[in-house]
Amino acid sequence: MPVTIAYARAIDGIHAPLVTIETHLANGLPAFQIVGLPEAAVRESRDRVRAAIQTSGFEFPRRRITVNLAPADLPKDGGRFDLGIALGILAASQQIPAEALARHEFLGELGLDGQLRPVGSTLAAGIAAADAERTLVVSPDDGPEASLASRARVLTGSHLTAVCAALSGRDGLTPAHPPERAPPMHPDLADVRGQHQARRSLEIAAAGGHHLLMVGPPGSGKSMLAARIPGILPPMEEAEALETAAIHSLRGSAHLRGDWRARPFRSPHHTASGVALVGGGSTPRPGEISLAHQGVLFLDELTEFARSVLDVLREPLETGVIHISRAARQAEFPARFQLVGAMNPCPQGFDCDLAERCECTPEQRARHRKRLSAPLLDRIDLVIEVPRIPPADLAATGDPAEGSAAVAARVVRARTLQHARQDGLNSALDGTGLDRHAALAAKDRQLLDKAAERFRLSARAYHRILRVARSIADLNGAEQIATPHLTEALSYRALDHWRTQ
C-alpha cells in the first residue's frame, strides 16, 4: 500500500517548521498508531480523528493505520495536526484524491462532529507555506491572523466535509482576509508642558534607537513622556510588523488590532519576575522584552524592580535576541527593543528639587541608586534629569507645544539618512561602522578622550556617546559630527556621577 503524504506546521519559537504527515494502511488487526515524538495532545488525536471521520459520513478504515509525523526529533504538541491526519487517512483509503494534498498545508483541531477549531499561532505558518508555494487551510477563526502577510495564500473551512469537498473539486473554500488597518492612536507630545530637555532626549532616542533613563521626582511627567515615544516612531515595515505579530500570537494575543503595524509599547509592573521579562515555561514562550520587539519597553519605578530581574536585560540589550533553554526544549526569540526607564532620585523622590523635604539619609540614597548595576547603566545611552514643573508653567495658556507629528517627521528624516548611509540605525553601529560614519575631528577626539578619563567611562560608554552624537548630527542634517553634537551627547552622560554620590 503506498504512503500518503500531507503537510502541516509545528511551532518552534517564532518559526513554523514543516511537518510531513505520512499515512500508511496495512493489513492486520485494526490499530491506529501515531509516531514521530508526539506529546499527549497529539496522541489524543486518534480518538478525535476517528470520531470526526465517522460523524462526517466517511468510513474509518478497519486496517492497521500508522501515522508518522516527520521529522521525528521535532517535538509536536497541541491539536494542530488533527486535520492533516484525518485527510491523510481519507486519502490513503481512497475517499479523497491524494494528489490534491501536495498543493496545500493543513492546520486545525477537529471536534468530534468534524467541526474545524482554531489552534492559534498561525501567522508564521502562513508565511512559511507561502515560501513553500503551498496554500494553507485553517479554520475561519485562524484565517485573519494567517493571512496577515500579503503574499500568503490562505483558505478557511468550517468542517472536515467542506475541506474534503474542496479537495475533491466539488466546492471551494473561503479565502481568508487580514483585518482592515486603522491609524494608530498615540498620546501627543503637545500635551507636555515644559520639559524641553526631556522632549529633546526623546527625539534623539527615537531617531537613533537609543536607550533612555529619566530621573526625577514623582509627578514630573516621566511616565507621560514615555507614553508618547511610540507616537514619534515611524510605522514598521511589513517584515518587521509580521515578526512582531508572530511573537504576540505565541502568547495567545493574535495582535490583530487594526493598528498591528504600530510599534508595541510594553510597560510591565515592577513586581514582574525575570521569567516574565525574558520568557520561559516548559514550552518556551516569549516574555516582555520580546513582546516589545521593534518597539519600546518602559520600566517605570526602575529601582523597584529586583536587581537580579534588571540584570537579565544586559544580554538582550547588546545582542537583540534572547535564548531560552529548558530540559527538553530550546528557543530563540528576537528582542531588539528600546529600553526607557523612569526612577525617583531617592526612596522618597524629593532629592532632586525639594531636598529640604527629603528625609532620606545618604546611606539610603546610595542604596537606592545602587539597585541599578553599573553594567546595566553602561548600556543606557541617555540619562537625563526630569525636574518638577513650576505651577506657573502648568497654568500657562500660551502657544501649544510642538506636537508629535512634527517631531516624527524629523525622526523619519534622520532614520532615512541612517538607512541610506549604513543600512541600519545608529544604535546598531559596531566599531568599524563608528570609525567610518562617526569620525571626529582631532580637537573633538581630544575632548572625548578627556571626558572618558575624567568620568572613567568604559569602552562601551565611549562608543555609545559616539552613536548618540551621530544621531544628533543626523537630526541636524550634518554629514560629520561637529563639536556641538559631541558636547550635547556628552551632557547625556553627565548624570552618571549621581549613582555614586
Rounded to the nearest 0.5 Å, what separates atom [atom1] in [X] from atom [atom2] in [Y]?
{"X": "Met214", "Y": "Ser220", "atom1": "CE", "atom2": "OG", "value": "8.5 Å"}
{"X": "Ile465", "Y": "Leu434", "atom1": "CD1", "atom2": "CG", "value": "11.5 Å"}
{"X": "Ser201", "Y": "Ile384", "atom1": "OG", "atom2": "CD1", "value": "3.0 Å"}
{"X": "Arg285", "Y": "Thr283", "atom1": "CZ", "atom2": "OG1", "value": "5.5 Å"}
{"X": "Arg9", "Y": "Thr122", "atom1": "CZ", "atom2": "OG1", "value": "12.5 Å"}
{"X": "Leu212", "Y": "Leu225", "atom1": "CG", "atom2": "CG", "value": "9.0 Å"}

Could you tell me whether the side chain of [Y] reaches within less than 4.5 Å of the side chain of [X], counting heavy atoms only?
{"X": "His248", "Y": "Leu291", "answer": "yes"}
{"X": "Pro234", "Y": "Arg415", "answer": "yes"}
{"X": "Lys222", "Y": "Asn344", "answer": "yes"}
{"X": "Asp381", "Y": "Tyr492", "answer": "no"}
{"X": "Arg228", "Y": "Asp191", "answer": "yes"}
{"X": "Met343", "Y": "His368", "answer": "yes"}
{"X": "Leu490", "Y": "Leu447", "answer": "yes"}
{"X": "Glu240", "Y": "Arg263", "answer": "yes"}

Could you tell me whether a side-chain N or O of [X] sits under 3.5 Å from a main-chain N or O of [Y], the two making a donor and an acceptor?
{"X": "Ser290", "Y": "Pro334", "value": "yes"}
{"X": "Arg493", "Y": "Val383", "value": "no"}
{"X": "Asp188", "Y": "Ala190", "value": "yes"}
{"X": "Arg470", "Y": "Ala438", "value": "no"}
{"X": "Arg379", "Y": "Glu318", "value": "no"}
{"X": "Asp142", "Y": "Val119", "value": "yes"}
{"X": "His485", "Y": "Ala482", "value": "yes"}
{"X": "Gln338", "Y": "Ala205", "value": "yes"}
{"X": "Arg153", "Y": "Glu133", "value": "yes"}
{"X": "Gln418", "Y": "Ala207", "value": "yes"}

(request) Specify whether Phe337 and His211 have parallel, tilted or perpendicular ring planes, treating 30° as the upper limit for parallel and 60° as the lower limit for perpendicular. (result) tilted
(request) Might you work through the side-chain contact (heavy atoms from CB on, under 4.5 Å) test for Ile289 and Val312, ending with a clear yes or no? (result) CA-CA 10 Å; Ile289 63 173; Val312 304; over 6 Å; no
(message) I'd like to know whether Gln195 forms a side-chain contact (heavy atoms from CB on, under 4.5 Å) with Val386, so could you lay out the CA-CA distance, the side-chain angles of the two residues, the decisive distance to 0.1 Å, and finally the verdict.
(response) CA-CA 7 Å; Gln195 301 296 7; Val386 183; 3.3 Å; yes
Quick check: closest heavy atoms across [X] and [Y], and the distance to 0.1 Å?
{"X": "Tyr462", "Y": "Ala452", "value": "CD1-CB, 3.8 Å"}
{"X": "Ile324", "Y": "Pro284", "value": "CG2-CB, 4.0 Å"}
{"X": "Ala226", "Y": "Val340", "value": "CB-CG1, 4.1 Å"}
{"X": "Ala146", "Y": "Ala152", "value": "O-CB, 3.8 Å"}
{"X": "Thr156", "Y": "Gly143", "value": "CG2-CA, 3.8 Å"}
{"X": "His323", "Y": "Val321", "value": "NE2-CG2, 3.8 Å"}

Any ion pair linking [Y] and [X] (charged N to carboxylate O, less than 4.0 Å)?
{"X": "Arg445", "Y": "Asp449", "result": "no"}
{"X": "Glu402", "Y": "Arg200", "result": "no"}
{"X": "Asp131", "Y": "Arg151", "result": "yes"}
{"X": "Arg336", "Y": "Glu243", "result": "no"}

(request) Quick one: do His186 and Ser404 satisfy side chain to side chain donor-acceptor pair (under 3.5 Å)? Show the steps, please. (result) CA-CA 9 Å; His186 296 298; Ser404 295; over 6 Å; no
Please check if the number of heavy atoms outside [X] that lie under 6.0 Å from its [atom1] is greater than 12.
{"X": "Arg456", "atom1": "CZ", "value": "no"}
{"X": "Arg436", "atom1": "CZ", "value": "no"}
{"X": "Gln330", "atom1": "CD", "value": "yes"}

Residues 10-18, side-chain donor-acceptor partners within the protein, below 3.5 Å, at least two apart:
none

(request) Assess whether side-chain contact (heavy atoms from CB on, under 4.5 Å) is satisfied between Ile204 and Glu488, documenting all intermediate values. (result) CA-CA 11 Å; Ile204 296 170; Glu488 184 177 1; 3.5 Å; yes
(message) So, using salt bridge (Lys or Arg N to Asp or Glu O under 4.0 Å) as the criterion, who are the partners of Glu237 when residues are at least two apart?
(response) none
(message) Determine whether Leu202 and Val407 satisfy the following criterion, side-chain contact (heavy atoms from CB on, under 4.5 Å), listing intermediate values before the conclusion.
(response) CA-CA 10 Å; Leu202 256 64; Val407 178; over 6 Å; no
